[in-house]
Amino acid sequence: MFDPTIFDNLKVVVEGEIYDLDLGGEISILNREDFVDLATMSRHFSITFQSVTSTAKQCTATIKLEADSADLYGEILEKPGNTDVNYC
């Protein structure tokens, strides 16, 4: 078993909310990408969806989460980096 990173925790929360909206019929998921690059220890997740309740133009949105090796190492070593994430 492994200890999930901040990236994993955020991804689960975002995915859960988007899939709940999809199941509720408010949005329709168009695309989902989840990449792990083991050579550079980087992660990329994105999910694209559109509104199905709008009668006007179809509105499409994409949510992206990215983490690179510096983010991972900083989290493991508990060293805050030059990111917008505040460590408590």
Side-chain angles (χ1 to χ4, degrees):
M1 194 75 175
F2 71 98
D3 190 21
T5 62
I6 291 171
F7 181 92
D8 295 311
N9 292 333
L10 289 173
K11 186 182 108 173
V12 167
V13 171
V14 169
E15 265 185 312
E17 184 63 28
I18 297 300
Y19 279 111
D20 282 348
L21 292 171
D22 182 51
L23 287 172
E26 296 179 49
I27 64 169
S28 176
I29 296 174
L30 303 175
N31 191 26
R32 179 182 174 277
E33 297 178 343
D34 194 355
F35 296 107
V36 178
D37 186 341
L38 296 176
T40 62
M41 292 301 293
S42 63
R43 303 274 310 262
H44 169 84
F45 170 77
S46 69
I47 190 162
T48 303
F49 54 93
Q50 71 180 15
S51 172
V52 295
T53 58
S54 175
T55 57
K57 294 181 182 177
Q58 289 295 327
C59 183
T60 302
T62 300
I63 296 176
K64 294 181 181 182
L65 295 174
E66 295 180 339
D68 61 13
S69 59
D71 298 323
L72 179 61
Y73 300 146
E75 183 179 347
I76 291 170
L77 299 174
E78 297 181 1
K79 292 183 179 180
N82 294 331
T83 64
D84 295 332
V85 176
N86 294 320
Y87 295 96
C88 299

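The first residue in the sequence is number 1, and the count goes up from there.
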Quiz item: Could you give the distance from CG (Leu65) to CG (Asn9), rounded to the nearest 0.5 Å?
Solution: 11.5 Å
Quiz item: For the residue pair Ile29 and Asp22, what are the closest heavy atoms and their distance?
Solution: N-OD1, 3.6 Å
Quiz item: Of all residues at least two apart in sequence or in a different chain, which pass the side-chain hydrogen bond (donor to acceptor under 3.5 Å, both in side chains) check with Thr48?
Solution: Thr62
Quiz item: Taking atom CG of Leu72 and atom CZ of Phe7, what is their separation to the nearest 0.5 Å?
Solution: 11.0 Å
Quiz item: When clusters are formed by joining ILVMFWY residues with side-chain heavy atoms under 4.5 Å apart, either directly or through shared neighbours, do Tyr19 and Ile63 land in the same one?
Solution: yes
Quiz prompt | Test item: Glu75 side-chain N/O and Ile6 main-chain N/O as donor-acceptor pair under 3.5 Å | solution = yes
Practice problem: May I ask whether Leu21 and Val12 are part of the same hydrophobic cluster, defined by side-chain heavy atoms of I, L, V, M, F, W, Y residues being less than 4.5 angstrom apart, directly or through others? | Solution: no
Quiz item: Nearest 0.5 Å, what's the CD1-CD1 distance between Ile27 and Ile18?
Solution: 4.5 Å
Quiz item: Which pairs with one or both residues in residues 29-39 pass side-chain hydrogen bond (donor to acceptor under 3.5 Å, both in side chains), sequence neighbours excluded?
Solution: Lys11-Asp34, Glu15-Arg32, Glu33-Ser46, Asp37-Thr40
Quiz item: Is a salt bridge present between Arg43 and Asp8, judged by a nitrogen-to-oxygen distance below 4.0 Å?
Solution: yes
